[in-house]
Amino acid sequence: MRVGSPEDCCRDPPVVTQPPTSSATEESEDLYKHKYKGDLLQVVNTPGGSDKTLALATLLAEQEEIRSRAAQRSAGITFGWYTPPPYSWSSLAFAPSRDDGPDGRDYADGGGWGLCSEMCPAEEAHERLRIAPNANLMETDPISGEPAAAWLVTMFHRNDAARVWKPSDIRTITALALSVEHLLCVVLPRRFPAYPAGPCPAEAAAWEASADSAAIGWEGVPGEPPFIRVASFVRDRLRQIRQELTMQQPSFSIEARQVAVDLLEQCTRFHIMVEHRCCELGVRNLPPDDAKFDSRMNMQMYTQALAGLQQLYENLRHHGVPCPNEVEFQAYYVVSAADPDVLFGRLAELPPEVLCAPLMQRALRVHAAVHGGDFGGFFRELKRAPYLMACLMHKHLEHVRGGAIAAINRSLAPKPGSSVELPLLDLSRMLLLEGREEAAQLCRHYGLQLNAAADAVLLTGTSRIHPRTDAEGHPVLTPLFRLSLIEAKRRDVPVCRLMMSPTLPPALLALAGEEAATAVLPSPRAMLNSPNATAAGLVDRTPSAAVEAELAVDRHFVARPPPASSSPRPASSPLLSQLALLRSSADRPSRGSPLAAPAPAPSPGGPVACDMATELAAAVSAARREREELEVRLQQAAQMLM
């Protein structure tokens with residue numbers, strides 16, 4: 001099976017239920033007869049009733065089972081790994097959109113033309129439980145360990161020409177919100193301790209006893225499944241959610257589109273987090289047959305979710321509806337943009353309040369540092385960046401380190417033909433490497449020699465250094481490693497709070513009120529949300545001060561007015577004006593984007609920007625390039641004046 005294919009999230013063997021015994025079958029038939037009265041019961045009891053009618057009775061029974069949560073809520077079962085969501089869109093009820101068939105669903109007057117109000121349509125639940133058992137481990141009941149209809153989430157189904165989507169197969173906007181909330185608040189933090197009934201205790205024991213735990217993403221928490229398995233399951237379900245949002249978007253009202261914006265934002269944050277946490281499980285670290293993570297596919301889904309978000313932002317801006325988190329995701333676009341020309345065209349369309357927000361200014365400084373060779377500025381911003389932005393910056397780390405070690409080699413060598421030793425520990429601190437071994441590996445990759453003791457690199461002042469290449473002349477890719485500096489930013493922060501909006505969405509407050517916005521409605525999480533959980537100390541509903549402080553720093557988007565123009569007064573001649581601009585550019589702190597504001601000076605006692613040697617090497621390298629380019633441009637302008 002190809003790594004990263006849509007089916008790889010279902011690699012795990014499905015949890016197959018045992019076929020019911022004859023007594024169980026009689027009991028279930030008895031249940032259906034008592035549950036459904038009237039015409040359907042008469043048809044079922046009629047001699048010679050068709051199999052289709054019996055199947056319909058079974059479907060209706062399972063749908064009733066999905067909707068019935070009273071028994072689960074009354075059980076009052078709580079688990080310490082469950083974190084209540086900060087808010088819930090499932091408290092809203094939208095009227096169905098007008099549906100005149102596949103060509104008449106663009107009236108934008110409701111919560112979508114889908115009619116399914118649960119996380120999984122009844123027909124799919126029946127097929128996956130009764131006909132062709134196909135339930136993931138994350139869809140099993142926490143107590144019995146068996147697949148349960150209430151825990152099923154719709155799988156991804158490719159939207160090809162042969163598939164006909166019925167309204168009963170598509171979830172409403174409220175059901176989509178319920179599904180996203182379940183995936184982030186229940187599935188991602190879920191644990192599998194060995195209860196007396198034992199939900200998969202043998203498999204959980206196998207996780208803990210795995211000899212190659214690092215290769216499967218094991219993080220050492222008892223009862224915790226490998227994160228890559230959970231992430232693959234969530235990725236598949238979120239992919240279907242995004243598809244259903246896209247299919248129903250023309251039928252969404254303005255209020256429903258605000259819900260869709262928040263759901264797409266959560267999907268985008270998830271792909272950003274996964275890109276860093278699973279980077280060690282790709283083809284750069286493991287053989288192709290053993291790789292469990294496809295970075296290319298994950299970034300493709302991130303791009304699709306971000307593109308859908310930008311389209312909704314523009315649509316809502318046209319209707320005069322602000323989006324409180326637009327700055328955050330436009331900043332993510334800036335950090336991950338590869339083509340500066342396309343980026344500047346996109347930035348020209350953004351309103352000034354978005355461009356001048358502090359987080360956007362940080363993203364512009366990161367972009368300028370990456371494309372301008374300012375590795376000291378990049379590392380400074382990486383230390384200060386919030387967690388999710390730092391995860392995206394990790395994609396540029398290899399490129400920045402390559403330019404940094406070349407600049408250090410040119411700048412710190414005393415003179416051509418001689419060499420000087422730079423301790424590997426100092427190089428590790430300068431380039432934010434994880435230790436001496438990674439520093440030595442980086443030096444060898446770029447052809448730099450180590451001293452006899454192998455604890456320092458010899459800087460020779462070579463003008464250009466190149467990475468190792470393979471037999472065909474292509475650069476050899478080095479293994480990727482998670483950065484402990486980035487992972488420390490999410491410490492003690494529940495994953496659902498990282499994925500969901502940092503503040504209560506204003507649209508939710510306006511539509512449902514504060515009390516309803518934070519209400520938790522019946523769902524599989526209801527059995528995890530016992531009223532006695534807080535009193536018993538099993539679930540802490542009040543986040544710690546450290547969590548709140550981290551969230552405040554992580555997403556603090558306060559817009560400020562545009563800065564005053566600092567361009568020099570135009571001269572009488574256009575050429576003289578160009579000369580004046582060229583001379584004034586020598587005093588600019590950055591060669592990057594003209595929209596990027598200079599980084600604020602670090603406060604006393606705050607985070608240190610970089611090591612002194614790093615700053616010195618970066619400054620010398622940047623000054624040389626600035627001087628050479630400025631001299632060439634001044635000479636060209638002077639020749640034009642003659």
Side-chain angles (χ1 to χ4, degrees), residues 66-67 69 72-73 78-79 81-94 111-112 114 116-121 136 138-139 142 148-155 171-190 230-231 233-245 248 255-271 273-274 305 325 493-505 507-509 511-530 533 539 541 543 551:
I66 293 175
R67 292 177 177 174
R69 313 291 187 190
Q72 294 180 350
R73 292 197 303 272
T78 56
F79 301 95
W81 45 263
Y82 172 64
T83 302
Y87 58 89
S88 174
W89 288 104
S90 55
S91 58
L92 302 180
F94 292 91
C116 177
S117 59
E118 297 296 332
M119 298 189 299
C120 184
N136 192 280
M138 303 301 159
E139 297 173 317
W151 289 77
L152 293 181
V153 185
T154 305
M155 298 174 60
R171 288 165 287 184
T172 64
I173 188 65
T174 305
L176 291 171
L178 182 68
S179 302
V180 174
E181 181 183 328
H182 171 75
L183 293 172
L184 299 184
C185 299
V186 177
V187 174
L188 276 178
R190 184 171 179 179
V230 185
F233 171 79
V234 175
R235 181 194 65 187
D236 175 83
R237 274 37 177 187
L238 289 181
R239 189 179 184 185
Q240 178 64 22
I241 288 171
R242 287 191 293 105
Q243 180 171 258
E244 294 184 24
L245 286 173
Q248 299 184 87
E255 294 78 10
R257 292 182 187 183
Q258 296 180 69
V259 182
V261 164
D262 190 72
L263 300 185
L264 285 177
E265 288 176 349
Q266 295 175 42
C267 295
T268 307
R269 293 189 186 106
F270 169 78
H271 290 298
M273 177 190 70
V274 169
N325 296 329
V493 182
V495 65
C496 68
R497 293 183 177 270
L498 282 174
M499 300 295 102
M500 303 182 79
S501 179
T503 57
L504 200 61
L508 183 57
L509 281 175
L511 294 172
E514 184 171 1
E515 183 177 354
T518 57
V520 180
L521 294 189
S523 71
R525 67 182 184 279
M527 63 187 301
L528 312 177
N529 196 34
S530 168
V539 179
R541 301 185 183 280
L551 291 175

request  = Begin from the C-alpha positions of R190 and V230 and carry the test side-chain contact (heavy atoms from CB on, under 4.5 Å) through to its verdict.
outcome  = CA-CA 9 Å; R190 184 171 179 179; V230 185; over 6 Å; no

[X] and [Y]: which non-hydrogen atoms are nearest, and at how many Å?
| X | Y | result |
| --- | --- | --- |
| A175 | S117 | CB-C, 3.7 Å |
| M119 | A150 | CE-O, 3.4 Å |
| A256 | F94 | N-CE2, 3.8 Å |
| H182 | W151 | CE1-CE3, 3.6 Å |

Taking the side chain as C-beta and beyond, is there a heavy-atom pair between [X] and [Y] under 4.5 Å?
| X | Y | value |
| --- | --- | --- |
| L245 | I173 | yes |
| P505 | Q258 | no |
| D262 | S501 | yes |
| C496 | P85 | no |

Quick one: list whatever passes side chain to side chain donor-acceptor pair (under 3.5 Å) with [X], sequence neighbours left out.
| X | result |
| --- | --- |
| E265 | Y313, N325 |
| T154 | none |
| Q240 | Q243, E244 |

message = Could you walk me through whether W89 and V180 satisfy the side-chain contact (heavy atoms from CB on, under 4.5 Å) test, starting with their C-alpha distance in whole Å, then the side-chain angles of each, then the deciding distance to 0.1 Å, before giving a yes or no?
response = CA-CA 10 Å; W89 288 104; V180 174; over 6 Å; no

query = Can you find a side-chain donor-acceptor pair between S90 and S88 that sits under 3.5 Å?
reply =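 Yes, side-chain donor-acceptor contact under 3.5 Å.
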
Taking the side chain from [X] and the backbone from [Y], do they hold a donor-acceptor pair closer than 3.5 Å?
| X | Y | result |
| --- | --- | --- |
| T174 | L92 | yes |
| R497 | P86 | no |
| Q248 | R171 | yes |

Give, for atom [atom1] of [X] and atom [atom2] of [Y], the distance between the pair rounded to the nearest 0.5 Å.
| X | Y | atom1 | atom2 | result |
| --- | --- | --- | --- | --- |
| T172 | E118 | OG1 | CD | 9.0 Å |
| C267 | L184 | SG | CG | 8.0 Å |
| M499 | E181 | CE | CD | 15.0 Å |
| M155 | E139 | CE | CD | 8.0 Å |

message = Evaluate V495 against M273 for side-chain contact (heavy atoms from CB on, under 4.5 Å), listing each step before the verdict.
response = CA-CA 10 Å; V495 65; M273 177 190 70; 3.8 Å; yes

query = Could you walk me through whether L183 and F270 pass the side-chain contact (heavy atoms from CB on, under 4.5 Å) check?
reply = CA-CA 11 Å; L183 293 172; F270 169 78; over 6 Å; no

